[in-house]
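What follows is a set of notes on a single structure, which appears directly below.
Side chains included, hydrogens not; waters and symmetry mates left out as well; all remaining heavy atoms used. Just so you know, ligand 1 is whichever comes first in the structure, and atom 1 is the first atom listed for that ligand. For clarity, every value in this text was computed on a predicted model and none was experimentally measured.
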Amino acid sequence: CCFSHDFKSCPENQEFLEDLRGWAEIAPHLYIWDYVVNFSHYIMPYPNFRVLKSNINTFRENKAIGIMEQAAYQSRGGEFAELRAYLLSKLLWNPDSDVQPIINDFMYGYYGRSGQYVQQYFDLLHNRITPDTHIHLGLSPDDPLFSDEFVREGIEIFEQAKKVADNEEIRQRVEVVELPILYLKCRRSPREALADGTYDLFKKVVEREGITHYAESGKPHKDEFHHGMENLE
Ligand SMILES: [Zn+2]
Ligand SMILES: [Zn+2]
């Protein structure tokens, strides 16, 4: 399936949608196990927020009475993990909820004054989606969805966000939500990330926060990432 576009709007999802409707025809109820993060890079940008409500409603229209939204379940530090869990909880409770007020509420409630910038980054990321940008589980750092310009702009926004943080606790929350763009830079431009302090900042924050999994595969992925960064030829 494609997760930048919802089940109903993306041609890539037609086959899945037909399967779902087929099951709804022959089963009294459905229980759904859905995937809402990139298991290959938990800690990398993954703009699927615009499909969450629509997809939950598509399940509901097709006799779903239970939905499990599987995300980064082994560690903290997943991309927008706090916001994703908050929004999904609201939507599972009431699939008719308006998404934007929930996101706004979270941005200002959890990130305080920095929230306006976190929101700006969130929009920058999601506005990269066009009818031609399909994203899948396993989205890679080299995907055409991303660009070096996007990485530069994203990091700049977080500089602003950290400057206006209400207090140290909130500043640290902003550092956590910044990790995915730092990780993306390390993956795309490792030399630059090492030279300009991006890697050092990433490493400092993941150690402080005790983040163990950058991907579902855990330690091998994490070791490979750090080994690669610290042994650039
Ligand atoms: Zn696909
Ligand atoms: Zn698509």
Which one of Phe225, Tyr46, Tyr199 satisfies the ring pair (Phe, Tyr, Trp, His ring centres under 6.0 Å) criterion with Tyr183?
-> Phe225
Taken by chain and residue number, the protein N/O/S atoms under 2.8 Å from the Zn ion (ligand 2) read Cys2 SG, His5 ND1, Cys10 SG, His134 ND1
Side chains of His227 and Asn231: do they bring a donor and an acceptor to under 3.5 Å?
-> yes
Sole residue of His226, His41, His221 in side chain to side chain donor-acceptor pair (under 3.5 Å) with Tyr214 = His226
Can you tell me if Gln116 and Tyr108 form a side-chain donor-acceptor pair at under 3.5 Å?
-> no
Under 4.5 Å between any side-chain heavy atoms of Glu209 and Gln172, yes or no?
-> yes
Would you please say whether a donor-acceptor pair under 3.5 Å links the side chains of Asn104 and Gln100?
-> yes
